[in-house]
Amino acid sequence: MLEKLKQTAFIALSFKNSSFSRQLSQLTFPPFQSKLKALCSNGQLHQALLEMAVEGLEMKFEGYDTILNECVNRKALREGQRVHTHMIKTQYLPPVYLRTRLLILYSKCDCLVDARYVFDEMPERNVVSWTAMISGYSQKGVPLEALNLFVQMLRSGTEPNEFTFATILPSCTDDYGFNYGRQIHSLIIRYNYDSHVFVGSSLLDMYAKAGKIHEARTVFDSLTQRDVVSCTAMIAGYAQQGCDEEAVELFRRLLKEGMNSNYVTYASLLTALSGLAALDQGKQVHNHILRQELPSYVVLQNSMIDMYAKCGNLIYARRVFDSMPERTVISWNAMLVGYSKHGMGSKVLELFQMMRAEGYVKPDSVTFLAVLSGCSHGGMEDTGLEIFDEMVAEKDGFQPNIEHYGCVVDLLGRSGRLEKALKFIDEMPYKPTAAIWGSLLGACRVHSNIDVGEYVGRQLLEIEPENAGNYVILSNLYASAGRWEEVRNLRELMKEKAVTKEPGRSWMELDQTLHTFHASDRSHPRKDEVHMKVKELAVRLKEAGYEPDLSCVLYDVEEEQKEKILLGHSEKLALAFGLLSTSEGTPLRVMKNLRICVDCHNFAKFISKLYGRKVSLRDKNRFHHIKGGVCSCGDYW
DNA sequence: GTAGGGTTAG
């Protein structure tokens with residue numbers, strides 16, 4: 001009995017053993033495919049490639065699929081090329097799926113030419129292969145080819161999906177692309193993808209970048225689902241179009257509704273706050289960001305430098321800059337531009353020397369713009385000209401472009417070398433732009449050079465007749481020479497050309513609230529008080545020697561009316577409001593969307609002197625720090 | 001397998 005039992009047990013055991021050993025043999029000598037899979041998932045891509053070389057004919061679909069997948073994940077170009085070569089050598093004809101994988105690999109590794117080769121050789125294509133190829137061009141910044149392929153795709157009868165639409169829309173940004181963009185939008189509606197989050201965020205971004213901010217908002221509002229990216233795209237869209245208040249307002253609302261934010265959201269928000277020069281709110285956001293410990297912090301720090309600089313606080317901007325463990329060219333540029341806009345030429349040069357000495361980051365086109373305009377704003381014309389010569393000699397491996405030439409015109413003009421500036425324009429390798437003539441015209445006004453000014457003004461009015469600012473400066477110039485007949489002619493010309501002027505707007509931040517004033521504004525809650533104050537100021541300032549500069553008004557009205565118009569300028573309203581609402585000695589921080597006019601600049605200087613207030617005025621171009629009747633711009637802007 | 005938003009200058 002015992003014997004029998006033992007026997008049964010033995011049989012059972014040996015049966016079990018044989019099964020076990022079978023399993024074991026499978027583990028020790030697994031099929032080729034699972035071996036590859038195991039190697040790839042262990043990260044041993046090179047070992048897998050060796051296996052491919054040895055057991056080549058075993059590869060087939062699964063093998064190639066496994067190994068290519070790993071190559072794509074790792075963006076391993078050379079390894080992927082070996083797989084591709086192997087296919088060719090073993091005369092393996094890959095199906096669409098594998099060819100698409102190869103295409104994606106090349107595209108992700110920035111080898112568009114190879115990707116296109118694979119694409120062109122495909123006997124048939126599906127929506128994924130088309131989309132992957134379009135994506136390659138779109139991300140490489142070749143929007144025309146992306147659009148071209150998209151059209152070919154439609155012609156071939158392949159139906160686009162949500163991936164295709166989300167991919168193609170970013171290629172519809174410039175004027176040419178936008179025409180396609182509109183048509184693609186109607187296609188999207190036909191395919192019922194218009195409320196899809198990914199498609200929607202691309203779509204609203206396209207409209208925003210084309211300046212159609214209301215259309216962008218319509219798309220945003222129609223989304224059935226929202227996420228960080230779509231919300232950020234809308235906030236960024238507002239900020240890019242200069243609708244800064246809308247950007248901040250939307251951020252606040254979405255935050256209340258529980259939106260998530262990431263570093264892109266904050267970067268866009270900070271751009272909007274920079275535009276508004278809302279220092280208090282900017283500081284608050286800075287603190288908020290510090291608490292979040294977000295990745296890609298360098299982008300945010302760059303935005304922060306820019307925000308503090310544009311809000312007039314260079315100390316904080318520099319503090320952020322100094323604390324950075326690593327900097328990009330944008331960090332340097334933001335700081336340089338900051339110093340430049342404040343007219344701190346020596347700080348600009350100091351920082352630029354530091355950048356060159358460190359040598360980790362190479363200066364780019366923007367760096368030189370900042371340095372040259374910094375020299376200009378800081379009254380260091382000759383140093384600026386020397387740096388330009390170094391550029392021409394390619395000291396930093398960088399050739400000047402038209403904007404740098406424009407800076408030189410500005411440098412020469414500022415130092416009064418107007419004839420030389422004219423000659424320089426004549427000899428430069430570019431056709432002068434309106435901006436270049438405009439800066440020279442400004443110089444002619446400051447140096448009261450009517451001869452050069454008249455010539456420059458005529459050039460300018462020819463290429464940019466619609467810009468009201470040009471007429472104002474030329475009129476200032478004629479008025480200063482007492483040539484009233486010309487002033488009148490200019491006014492007629494301006495009427496004829498139906499010049500439109502962006503409405504002037506000034507604002508100041510008080511307890512995290514922005515108070516905005518428009519020219520002759522009647523909308524502010526304290527409007528009556530503010531207007532009374534302006535009148536009162538005019539009387540006091542006149543006693544101290546202020547004389548309204550009536551040539552700043554181009555309307556054909558009585559002198560008395562002109563003075564009234566001048567007193568209605570938005571920056572005067574903001575200054576009066578500042579005096580009314582802040583205690584004695586508090587500095588006044590005023591922002592203006594356009595360039596400040598000569599009369600308002602003068603007005604602000606008198607205020608600083610008579611009321612003992614520091615006035616910091618940020619206009620479209622730069623900061624004016626006015627103290628005791630003297631401005632940091634040296635009356636040149 | 002393929003997809004969307006961002007920082008400096010003008």
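Residue numbering restarts at 1 for every chain, and letters A, B, ... go by the order of the sequence lines.
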When we call it a touch if two heavy atoms are under 4.0 Å apart, what does [X] touch: a base, just sugar-phosphate, or nothing?
X	result
A:Ser202	sugar-phosphate
A:Ala236	sugar-phosphate
A:Asn262	base
A:Val219	nothing
A:Asn126	base
A:His196	base
A:Thr367	nothing
A:Val197	base
A:Thr232	base
A:Val228	base
A:Glu162	base
A:Lys108	sugar-phosphate
A:Tyr263	base
A:Ser365	nothing

Can you sort out the partners of A:Arg618 under side chain to side chain contact (heavy atoms under 4.5 Å, CB included), two or more places apart, ordered by chain and number?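 A:Arg618: side chain to side chain contact (heavy atoms under 4.5 Å, CB included) contacts with A:Ala277, A:Lys310, A:Trp507, A:Met591, A:Phe623.
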Charged N-O contact under 4.0 Å between [X] and [Y]:
X	Y	result
A:Asp396	A:Arg356	yes
A:Arg116	A:Glu145	yes
A:Arg226	A:Asp221	yes

Check DNA chain B against [range] and give the residues with a non-hydrogen atom under 4.0 Å, in numerical order.
range	answer
residues 238-256 of chain A	A:Gln240
residues 337-353 of chain A	A:Val337, A:Lys341
residues 144-152 of chain A	none

Along DNA chain B, first and last positions that approach a heavy atom of chain A under 4.0 Å: B:dG1 to B:dG10
How would you list, by chain and number, every residue that makes a ring pair (Phe, Tyr, Trp, His ring centres under 6.0 Å) with A:Tyr308, sequence neighbours excluded? A:His286, A:Tyr316
Ring pair (Phe, Tyr, Trp, His ring centres under 6.0 Å) partners for A:Tyr263, two or more places apart: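 Once residues adjacent in sequence are excluded, A:Tyr263 has no partner under the ring pair (Phe, Tyr, Trp, His ring centres under 6.0 Å) criterion.
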Check for me whether the distance between the ring centres of A:Tyr266 and A:His288 falls short of 6.0 Å. yes
Near-ring test A:Phe388/A:Tyr405, centroid separation under 6.0 angstrom: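 Ring-ring flag for A:Tyr405/A:Phe388: true, centres closer than 6.0 Å.
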Using the six-membered ring wherever Trp is involved, compare the ring planes of A:Phe398 and A:Phe368 and label them parallel, tilted or perpendicular (cut-offs 30° and 60°). parallel
Salt bridge (charged side-chain N to carboxylate O under 4.0 Å, His left out) involving A:Glu215 - partner list, sequence neighbours excluded: A:Arg182
For residues 149-162 of chain A, tabulate all N or O donor-acceptor pairs below 3.5 Å that involve a side-chain atom, not counting sequence neighbours.
{"unit_1": "A:Ser156", "atom_1": "OG", "unit_2": "A:Met153", "atom_2": "O", "d": "2.7"}
{"unit_1": "A:Ser156", "atom_1": "OG", "unit_2": "A:Thr158", "atom_2": "OG1", "d": "3.0"}
{"unit_1": "A:Thr158", "atom_1": "OG1", "unit_2": "A:Trp130", "atom_2": "NE1", "d": "3.3"}
{"unit_1": "A:Asn161", "atom_1": "OD1", "unit_2": "A:Phe163", "atom_2": "N", "d": "3.0"}
{"unit_1": "A:Asn161", "atom_1": "OD1", "unit_2": "A:Thr164", "atom_2": "N", "d": "3.0"}
{"unit_1": "A:Asn161", "atom_1": "OD1", "unit_2": "A:Thr164", "atom_2": "OG1", "d": "2.9"}
{"unit_1": "A:Glu162", "atom_1": "OE1", "unit_2": "A:Tyr193", "atom_2": "OH", "d": "3.4"}

Donor-acceptor pairs under 3.5 angstrom involving side-chain atoms of residues 235-248 of chain A: please list them, not counting sequence neighbours.
{"unit_1": "A:Tyr238", "atom_1": "OH", "unit_2": "A:Arg217", "atom_2": "NH1", "d": "3.1"}
{"unit_1": "A:Gln241", "atom_1": "NE2", "unit_2": "A:Ala208", "atom_2": "O", "d": "2.7"}

Which residue pairs pass the ring pair (Phe, Tyr, Trp, His ring centres under 6.0 Å) test when at least one of the two sits in residues 96-117 of chain A, sequence neighbours left out? A:Phe61-A:Tyr97, A:His84-A:Tyr106
Does A:Thr232 have any side chain to side chain donor-acceptor pair (under 3.5 Å) partners at least two apart in sequence or in another chain, and if so, which?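 With sequence neighbours excluded, A:Thr232 shows a side chain to side chain donor-acceptor pair (under 3.5 Å) to A:Thr265, given in chain and number order.
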